[in-house]
> 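Okay, handing you the structure first.
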Amino acid sequence: MDQIRITGGAPLNGRIAVSGAKNAALPLMIASLLTEETLTLENVPRLADVALLKRILGNHGVDHSVDGKRAGQDALSGETLHLSAGEIVDTTAPYDLVSRMRASFWVIGPLLARTGEARVSLPGGCAIGTRPVDFFIDALRDLGADIDIDAGYVVASARNGLRGGRVRFPHSSVGATHVALMAAALARGETVIENAAREPEVTDLAACLTKMGAEIEGAGSSTIHIQGVERLGGTSHPVLADRIETGTYAFAVAMTGGDVVLEGARADLLEAPLETLRQIGAGVDVTNEGIRITRNGSGLAPVDVTTEPFPGFPTDLQAQLMALVCRADGTSHIRETIFENRFMHVQELARLGADISLDGQVATVAGVRRLKGAPVMATDLRASVSLVIAGLAAEGDTLVNRVYHLDRGFERLEEKLGRCGAEIERIAA
């Protein structure tokens, strides 16, 4: 397995191009199953999860092609991906593929809507929580599907097609909202999704489906109305900028000091994290190019933050924030309300000298004067990048192991940081 070595202490200065959002690209790719025509996605990030989903979709009969590099195109710019599901050749999503990426379970919605059947493996456990699929199953039942669980697979059928219905989630779920949206787009009649997730990635999927011919109103609010149509067509759609990558690099600049422009970043997608950065002491300026983050060496102030669904502070930035406030002048409190087991990075940050105590879902972080480099182990995607942020400010060398977690969600992270002056390198296995 590759490793990443960081020599801390260098400020970050320069420009970082924000990639397309992984959390938007994956459901958009899955939406290609809804039409026999070609769906073209622009600004798709080059990530391990994207590559795996190409393989999973190919198992169902989706052909894909990628545009070649264009003159003047930066090596870190996203790719243009063409997806064509002219014929669904297999409605089974096997365990060996689904178990490697939970989002692949979402194929159940469009497979069922288009073909009337789907057999999809249960995704299994997860390092950051159980994340059961009950909401997905109940939503599809609300749309007229017959569903059984057989030998670890969800077996769904709708011989006469799905029909519109009322879907109400006990609490908002981004993945379940994605699945309900895609399934309802081809269902007969009207569907109302109540307590729908409001995240920008849901809005982005709805915008793409609308371009394909779907009739959707209310995306971005807690109630979405969908009038089902007989068929959807192809379209071209750009993947929105990654708000989690934006926040991650913003926190890295606040940690190290410096001046970085995050090109293409959208402030409207992460107002809560940007306000938290201002409270901590970083400069945040929204420009026509994106967002400029600065810190001139002044101290970091402690903060109290609770993770919440959008538009609140995202759980996917909780680990990065914790790394940042390890160096604050005082004590911070971080309450995690989304996932029940998302503090696995605490023990690794402690190896670097962080002072963190846990009480249930609340982490108390007492700021320390310095962090010291050490070997650390990534436990999940966001935890791994929190160790990078801490390593950028630690004295000496930090060696991050299991960086395949990083490759799932951050496009060429070491190159982007290196261009801004970080002493960081990948060590090939």
> Just how far is it from atom NE2 of H60 to atom OG1 of T91, taken to the nearest 0.5 Å?
8.5 Å

> Looking only at heavy atoms, which two atoms of I224 and I226 are closest? And how far apart?
CG2-CD1, 3.9 Å

> Taking CZ in R295 as the centre, count heavy atoms belonging to other residues, nucleotides or ligands within less than 6.0 Å. Is the count above 12?
yes

> Stepwise, does the side chain to side chain contact (heavy atoms under 4.5 Å, CB included) test hold for T177 with S172?
CA-CA 8 Å; T177 302; S172 68; 5.8 Å; no

> For the side chain of K372 and the backbone of G396, is there at least one donor-acceptor N/O pair under 3.5 Å apart?
no

> Quick check: does any side chain N or O of N43 sit under 3.5 Å from a backbone N or O of V239, one acting as donor and the other as acceptor?
yes

> Looking at side-chain heavy atoms only, is the closest gap between T276 and I280 below 4.5 Å?
yes

> Kindly compute the distance separating CG (L413) from CD1 (I424), expressed to the nearest 0.5 Å.
5.5 Å

> If you define the side chain from C-beta out and look only at heavy atoms, does anything of L181 sit under 4.5 Å from P27?
no

> Between D259 and R292, is there a side-chain N and carboxylate O pair less than 4.0 Å apart?
yes

> So, the side chain of Q3 versus the backbone of I427: is there a donor-acceptor pair under 3.5 Å, distance only?
no

> Report yes if the side chains of T306 and F313 come closer than 4.5 Å at any heavy-atom pair, otherwise no.
no

> Quick check for you: to the nearest 0.5 Å, what is the distance between C326 atom SG and L371 atom CG?
6.0 Å

> Answer yes or no: is there a side-chain heavy-atom contact under 4.5 Å between R100 and R408?
no

> Counting only heavy atoms not in Q279, do more than 12 sit closer than 6.0 Å to its CD atom?
yes

> Is the backbone of L33 close enough, under 3.5 Å, to the side chain of R114 for a donor and an acceptor to pair up by distance?
yes

> If you apply the rule side chain to side chain contact (heavy atoms under 4.5 Å, CB included), what do you find for I56 with M101, and how did you get there?
CA-CA 10 Å; I56 291 168; M101 184 175 66; 4.2 Å; yes

> Any non-hydrogen side-chain atom of E245 less than 4.5 Å from a side-chain atom of P45?
no

> Does any part of the side chain of M182, heavy atoms only, come nearer than 4.5 Å to the side chain of L205, both counted from C-beta?
yes

> Do you know which two heavy atoms are closest between I193 and A180, and how far apart they sit?
CD1-CB, 3.7 Å

> First locate atom OG1 of T35, then atom CZ of R231, and finally report the distance between them rounded to the nearest 0.5 Å.
6.0 Å

> Under a 3.5 Å distance rule, please check whether D304 uses its side chain to pair with a backbone N or O of H333 as donor and acceptor.
yes

> Return yes if some donor-acceptor pair links the side-chain N/O of Q320 with the main-chain N/O of D316 below 3.5 Å, else return no.
yes

> Of all heavy-atom pairs between L12 and A422, which one has the smallest distance, and what is that distance?
CD2-CB, 3.7 Å

> Check for a donor-acceptor pair, side chain of T287 on one end and backbone N or O of E289 on the other, with a separation under 3.5 Å.
yes

> Between the side chain of E199 and the main-chain N/O of F310, is any donor-acceptor distance below 3.5 Å?
yes

> Take H64 and L57 through the test side chain to side chain contact (heavy atoms under 4.5 Å, CB included) and record every step on the way to the result.
CA-CA 9 Å; H64 79 269; L57 292 175; over 6 Å; no

> Salt bridge check: are R243 and E201 linked by an N-O gap of less than 4.0 Å?
yes

> Would you kindly say whether D397 and T7 are connected by a side-chain donor-acceptor distance under 3.5 Å?
yes

> Closest approach of F251 and P273, non-hydrogen atoms and distance?
CE2-O, 4.2 Å

> Without hydrogens or angle criteria, can the side chains of Q318 and H345 be said to hold a donor-acceptor pair below 3.5 Å?
yes

> Report yes or no: does D2 contribute a side-chain atom to a donor-acceptor pair with the main-chain N or O of I4 at less than 3.5 Å?
no

> If you compare all heavy atoms of V179 against all heavy atoms of G109, which two are closest, and at what distance to 0.1 Å?
CG1-CA, 3.9 Å

> Regarding D407 and R426, does a basic nitrogen lie under 4.0 Å from an acidic carboxylate oxygen?
yes

> Can you check side chain to side chain contact (heavy atoms under 4.5 Å, CB included) on L34 and L209, steps first, answer last?
CA-CA 9 Å; L34 290 166; L209 292 174; 3.7 Å; yes

> Within the supplied structure, the quantity of interest is the number of heavy atoms (other residues, nucleotides, ligands) at a distance under 6.0 Å from R55 CZ; does it exceed 12?
no

> Mind checking the CG-OG1 spacing from N401 to T379? Nearest 0.5 Å is all I need.
12.5 Å

> To the closest 0.5 Å, what do you measure between CG (L324) and OG1 (T248)?
11.5 Å

> Relative to each other, are the rings of F105 and F136 parallel, tilted or perpendicular (30° and 60° limits)?
perpendicular

> At their closest point, which heavy atom of A214 faces which heavy atom of L232, and how far apart are they?
N-CD2, 3.4 Å

> Evaluate the side-chain proximity of M212 to H237: yes if any heavy-atom separation is below 4.5 Å, no if none is.
no

> Any side-chain heavy atom of L81 sitting closer than 4.5 Å to one from K54?
yes

> Is the backbone N or O of T337 less than 3.5 Å from a side-chain atom of T307, with the two atoms forming a donor-acceptor pair by type?
yes

